[in-house]
Amino acid sequence: MARNLRLHALIVLLLLVSFWTPSCSESIPTPNSQCQTQLQQGCHDRPKSLKLKLIAIANILVASMIGVCLPLFSRAVPLLQPEGSPFAIVKAFASGVILATGYMHVLPDSFNCLTSPCLPENPWRKFPFTTFIAMISAVMTLMLDSFSMSRYKKELMEAQVAEEEQNEGMEIDDNLGREEGTNKKLGAKLVRHRVIAQLLEAGIVVHSVVIGLSMGASENPCTIRPLIAALCFHQLFEGMGLGGCILQAEYGFKMKAIMVLFFSITTPFGIALGIGLSNVYSDNSPTALIVVGILNASSAGLLNYMALVDLLAFDFMGPKLQANLTLHIWAYVAVFLGAGGMSLMAKWA
């Protein structure tokens, strides 16, 4: 529990430090003519933008909470139990949403930032930094994933050995022993679900704050208006994917509440942070472009790895889908629908 809280606190601290960047005029020499043209494009209305941003904070907060909480309440509906077929299809749909988020939203945003005309041509347009950072991020996520599983499995084996030694020579009721053993240790499958939930939330949190900051710093109502609807749908379906992972992790109420709250407030927090920093933060300043581009590339690598390896491959190679061809096919249909719908939203967000 304490480890998870420290992880969340560290993510927030890093994001706050990263985004406290100087304005374009204070950090780097005068931008070139192409960048200057880009800065002057679009409609700008600060009072109207502020009103839309406040509407966005409320709407996105509600959409995020609904999305992440829906799977958590599914236990009250027999049809949507985690062991049932409908839950597998819903989870496949949400996994497709997360996959498309990484490839269709986060990765292109990083490309736009790190190849912007506001940055020097050398080295930013001479080397594909976005894909390089995403690749490193995916490998680092694999390392964190495998080391976490190795550590938890070692702790599980030590707990099992200690319990066997404690119970040696003692006669206990089979049902009571089984219940006590379950309460004392986590099964390997449960540990896996917990690692997945924590890593997935870390990637989503970084991405959500970056999106919120960009919207909060913008003074272009023509851009903000369509973004509100797109981000509400985005957070709703992304929250469903995360909520499904939190449900399978079987955390206690307190930990579930922390993870739900953290996911729900990150984008509104980013928007509020962008509003507060709008006088000193420019989303076209070289420093901001580099920081946001690197964070987006890192988040894209993490989300792509998590979607393909820990969500899709984990479920589609699992016994439930492998044993049921009809369910297997419908799950793939759900993946394509989720990925297709989120890809379509890339037109607006």
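Side chain of S116 to backbone of N112: no donor-acceptor contact under 3.5 angstrom is found.
Nearest approach of G203 to S299, heavy atoms of both residues: O-OG, 3.0 Å. Nearest heavy-atom pair across P286 and C118 is CG-O, 3.7 Å. Counting all heavy atoms, side chain and backbone alike, E201 lies closest to F263 at OE2-N, 3.6 Å. Taking every heavy atom of both residues into account, Y251 and A197 meet most closely at CE1-CB, 4.4 Å. In this structure, S49 and I224 approach most closely via the heavy-atom pair CB-CD1, 3.9 Å. For the pair I196 and C245, the tightest heavy-atom approach, listed with the atom from each and the gap, is CG2-SG, 4.0 Å.
Put simply, L261 and F253 are part of two different groups of oily side chains (I, L, V, M, F, W, Y) that touch within less than 4.5 Å, one to the next. The hydrophobic clustering, which links ILVMFWY residues whose side-chain heavy atoms are closer than 4.5 Å, places F127 and L119 together. Transitive grouping of hydrophobic side chains (ILVMFWY, heavy atoms separated by less than 4.5 Å) brings L50 and I211 into a common cluster. In terms of hydrophobic clustering, with Ile, Leu, Val, Met, Phe, Trp and Tyr side chains grouped at heavy-atom distances under 4.5 Å, M65 and L54 are assigned to different clusters. In the hydrophobic clustering of this structure, L61 does not group with M215; members are Ile, Leu, Val, Met, Phe, Trp, Tyr whose side-chain heavy atoms approach within less than 4.5 Å, directly or through other members.
Taken from NE2 in H328 to CD in Q322, the straight-line distance is 5.5 Å, to the nearest 0.5 Å. A distance of 13.5 Å separates CD1 of I60 from CD1 of I265, quoted to the nearest 0.5 Å. Here CG of N304 is found 9.5 Å from OG1 of T101. Values are rounded to the nearest 0.5 Å. Taking CD of E250 as the start and NZ of K256 as the end, the distance is 7.5 Å to the nearest 0.5 Å.
Residues satisfying the side-chain contact (heavy atoms from CB on, under 4.5 Å) test with T326, not counting sequence neighbours, are N324, W330. By the side-chain contact (heavy atoms from CB on, under 4.5 Å) test, T115 is found to be paired with R125, residues two or more places apart in sequence or in another chain being considered. For A134, the side-chain contact (heavy atoms from CB on, under 4.5 Å) criterion is met by L107, not counting sequence neighbours. Residues satisfying the side-chain contact (heavy atoms from CB on, under 4.5 Å) test with S343, not counting sequence neighbours, are A100, M104. Taking the ring pair (Phe, Tyr, Trp, His ring centres under 6.0 Å) definition, one finds that H234 meets it with H105, H207, sequence neighbours left out. For R225, the salt bridge (charged side-chain N to carboxylate O under 4.0 Å, His left out) criterion is met by no residue, not counting sequence neighbours. Contacts of Y305 classified as side chain to side chain donor-acceptor pair (under 3.5 Å), with partners at least two apart in sequence or in another chain: D145.
Contact of the F111 side chain with the T131 side chain is registered, since non-hydrogen atoms from C-beta on lie closer than 4.5 Å. Contact annotation: the side chain of S264 approaches that of V68 to within less than 4.5 Å [non-hydrogen atoms, C-beta and beyond].
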Please report, to 0.1 Å, the donor-acceptor pairs under 3.5 Å made by any side chain of residues 236-243, with sequence neighbours excluded.
none

Name the atoms and distances for all side-chain donor-acceptor pairs under 3.5 Å in residues 309-317, with sequence neighbours left out.
residue	atom	partner	partner atom	Å
D310	OD1	R192	NH2	2.4
D315	OD2	K91	NZ	3.3

N/O donor to acceptor pairs below 3.5 angstrom from side-chain atoms of residues 332-342, sequence neighbours left out:
none

Would L308 and Y103 count as a side chain to side chain contact (heavy atoms under 4.5 Å, CB included) if you check the C-alpha gap in whole Å, the side-chain angles of each, and the deciding distance to 0.1 Å?
CA-CA 11 Å; L308 288 171; Y103 277 111; 3.8 Å; yes
Q.
Would W124 and L289 count as a side chain to side chain contact (heavy atoms under 4.5 Å, CB included) here? Give the steps.
A. CA-CA 11 Å; W124 298 105; L289 287 168; over 6 Å; no
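Here the rule is side chain to side chain contact (heavy atoms under 4.5 Å, CB included) with S137, and of I294, L303, L302, L142 only L302 fits it.
Legend: side chain to side chain donor-acceptor pair (under 3.5 Å) pairs involving residues 52-69, not counting sequence neighbours, sorted by first then second residue: S64-Q235. Legend: salt bridge (Lys or Arg N to Asp or Glu O under 4.0 Å) pairs involving residues 284-297, not counting sequence neighbours: none detected.
Heavy-atom contacts from other residues, nucleotides or ligands closer than 6.0 Å to CE of M140 number 12 or fewer. Enclosure of atom NZ in K48 is not indicated, since only 12 or fewer non-hydrogen atoms of other residues, nucleotides or ligands lie within 6.0 angstrom. Within 6.0 Å of the CZ atom in F132, the count of heavy atoms belonging to other residues, nucleotides or ligands does not exceed 12.
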